[in-house]
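Keep in mind that this is a model prediction, so the values were computed, not measured. Chain letters run A, B, ... following the sequence lines, proteins first, then strands; residues in each count from 1.
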There are 2 protein chains.
Amino acid sequence: MTDADVGLRHRKRAAAMARIQAVALDLFDERGYEAVTVEQIAEASDVSPSSVYRYFGSKEQIVLLGEFEFDVSDSRLDDAAGGSPVDVTRQVLRAVMDHLVGDDEERTRRQMRHVMSDPALEAALARQVYAASETLGEVFAARLARPADDLEVQVLAHVVVGALLGGLHHWHGTGFAGPLRDVLDRCLDLLERGLQVGAPITRPTAPAEP
Amino acid sequence: MTDADVGLRHRKRAAAMARIQAVALDLFDERGYEAVTVEQIAEASDVSPSSVYRYFGSKEQIVLLGEFEFDVSDSRLDDAAGGSPVDVTRQVLRAVMDHLVGDDEERTRRQMRHVMSDPALEAALARQVYAASETLGEVFAARLARPADDLEVQVLAHVVVGALLGGLHHWHGTGFAGPLRDVLDRCLDLLERGLQVGAPITRPTAPAEP
DNA sequence: CCTTCATTTGAGAGTCACTGTCAGACGAGG
DNA sequence: CCTCGTCTGACAGTGACTCTCAAATGAAGG
């Protein structure tokens, strides 16, 4: 094994993966996710179908690879030591967003459009998000010195991720208005401020609106 | 068409579906979800594979059909008029639980064991739960007289469902200890009481965040 | 430059979930 | 008992995904 990043082999692989994702996204925009076969993607990307599966594992991961995952060992998590769970989440979020948006904001919207309209993609994303909740739960549990299965820890982790998912849904529902990062930040603000989750429904300030 | 429930045709169909689900669950327990093919389920249930797909649409739905869905038109929703979102959720939860547990508590555990250990099932459940969040969001939006895409509404709905999902995870992680209904009720209690979501994490190290 | 070695690639065959079609079976209703 | 409408099973096909294996190719040393 060479130094792990600077081999012709490694670079070719990375280039092929990027090419496949770009080509696939174009084809999906053109004809829709379901209507495009992996074989067609492979041919248009000058690789064999075998390689596509070797690289991505599944058709969904061509779209989702790397999205909405986070690295527990990210150094920024250490910076949040002593902070609240939401602080920790904000750090995690920053790491996720750098991956997500750092690359290309428009690209994320194109991905989301397909994710939200295809059942298979939606399911794959939902699973990925659920897995992220579990990881976040482990982080919280470690910080709070509680067992990972602790009810409060699990509820907390899933609630935080749920809030972000709500934001994602809002972002999609409003035609992807504004930067995703801001929307998600606002979601965490809402959580911190405390949702009026137990308050009787009397709508505080909302003016009548159809 | 007859009165919709009391025809031989309808009864036969219902019986076949119940038989398929029971047979399938036995086979899954025996050999694992993935190792059992739909064709084998069909043969063991004395129906054709075509019928299995006609009844359930997909292999996953043999396990998941009806679980973790709720009926927006459930009469109990009206009883919660004027209550808080959590009250509404509690009513919804009661309706869901009556479906879920009303039938057979042990059966739910068997289902969950497979759901949690198979990626395809986990994804299907995650998607179903996500869809439930959307439905709940619509209910909340209507109650609060806000647009369905409203950020707070979406965050609220997804947070509530997230809390329940956290409870489900806890339930699974603790070997399905105690009635699921109680666990989920406690999750909603935690939400109402307000999670210490913004509170600094109690650690020996001194906090240094504003 | 050339050889050797370790990986990676592409090709092909096979499995299985799922879809669409259609003729025959079988309740429903008279 | 007979017609009519619906449901069922059989069949053929598609596409995602897996496995295996021989050929290609980058890495490393002479």
From [options], nucleotide with atom closest to [X] side chain:
X: Ser51(A); options: dA16(D), dG10(C), dG9(D); value: dG10(C)
X: Tyr53(B); options: dG9(D), dA17(C), dG10(C); value: dA17(C)
X: Ser48(A); options: dC17(D), dT9(C), dG10(C); value: dG10(C)

Starting from [atom2] on [N], measure out to [atom1] on [X] and report it in whole angstrom.
X: Glu43(B); N: dA10(D); atom1: CD; atom2: C1'; answer: 14 Å
X: Met17(A); N: dT9(C); atom1: CE; atom2: P; answer: 11 Å
X: Gln40(A); N: dA16(D); atom1: CD; atom2: C1'; answer: 13 Å
X: Asp46(B); N: dA25(C); atom1: CG; atom2: P; answer: 18 Å
X: Phe56(B); N: dT8(D); atom1: CZ; atom2: C1'; answer: 15 Å
X: Lys59(B); N: dC18(C); atom1: NZ; atom2: P; answer: 8 Å
X: His10(B); N: dT6(D); atom1: NE2; atom2: P; answer: 14 Å
X: Arg13(B); N: dG5(D); atom1: CZ; atom2: P; answer: 20 Å

- Query: According to the interplanar angle, ranging from 0 to 90°, do the rings of His172(B) and His169(B) count as parallel (below 30°), tilted (30 to 60°) or perpendicular (above 60°)?
  - Reply: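 The rings of His172(B) and His169(B) sit tilted, inter-plane angle from 30° to 60°.
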- Query: Mind checking whether His114(B) and Phe28(B) have parallel, tilted or perpendicular rings, split at 30° and 60°?
  - Reply: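 His114(B) vs Phe28(B) ring planes: perpendicular.
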- Task: State whether a side-chain donor-acceptor pair under 3.5 Å links Gln111(B) with Gln21(B).
- Result: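 There is no such pair between these side chains.
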- Query: Is the Lys NZ or Arg CZ of Lys59(A) less than 6.0 Å from the centre of Tyr53(A)'s six-membered ring, within 45° of the axis?
  - Reply: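 Checked: cation-pi criterion not met.
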- Task: May I ask you to say what Val36(B) touches in the nucleic acid, namely base, sugar-phosphate or nothing, with a heavy-atom cut-off under 4.0 Å?
- Result: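 Since only primed, P, OP1 and OP2 atoms lie under 4.0 Å of Val36(B), the category is sugar-phosphate.
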- Query: Any donor-acceptor pair under 3.5 Å joining the side chain of Arg54(A) to the base of dG10(C)?
  - Reply: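 Present.
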- Query: Taking 4.0 angstrom as the limit, do Glu106(B) and Arg113(B) come out as a salt bridge?
  - Reply: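 Here Glu106(B) pairs with Arg113(B) in a salt bridge, since their nearest N and O are under 4.0 Å apart.
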- Item | DNA chain D: 5'-proximal contact among Glu34(A) and Leu8(A) (nearest heavy atom) |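 Its nucleotide being nearer the 5' end, the pick is Glu34(A).
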- Message: Reading DNA chain D from 5' onward, which residue's closest nucleotide shows up sooner: Ser50(B) or Arg9(B)?
- Response: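 Between the two, 5'-proximity favours Arg9(B).
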- Of Tyr33(B) and Lys12(B), whose closest DNA chain C nucleotide lies nearer the 5' terminus?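 Closer to the 5' end of DNA chain C: Tyr33(B).
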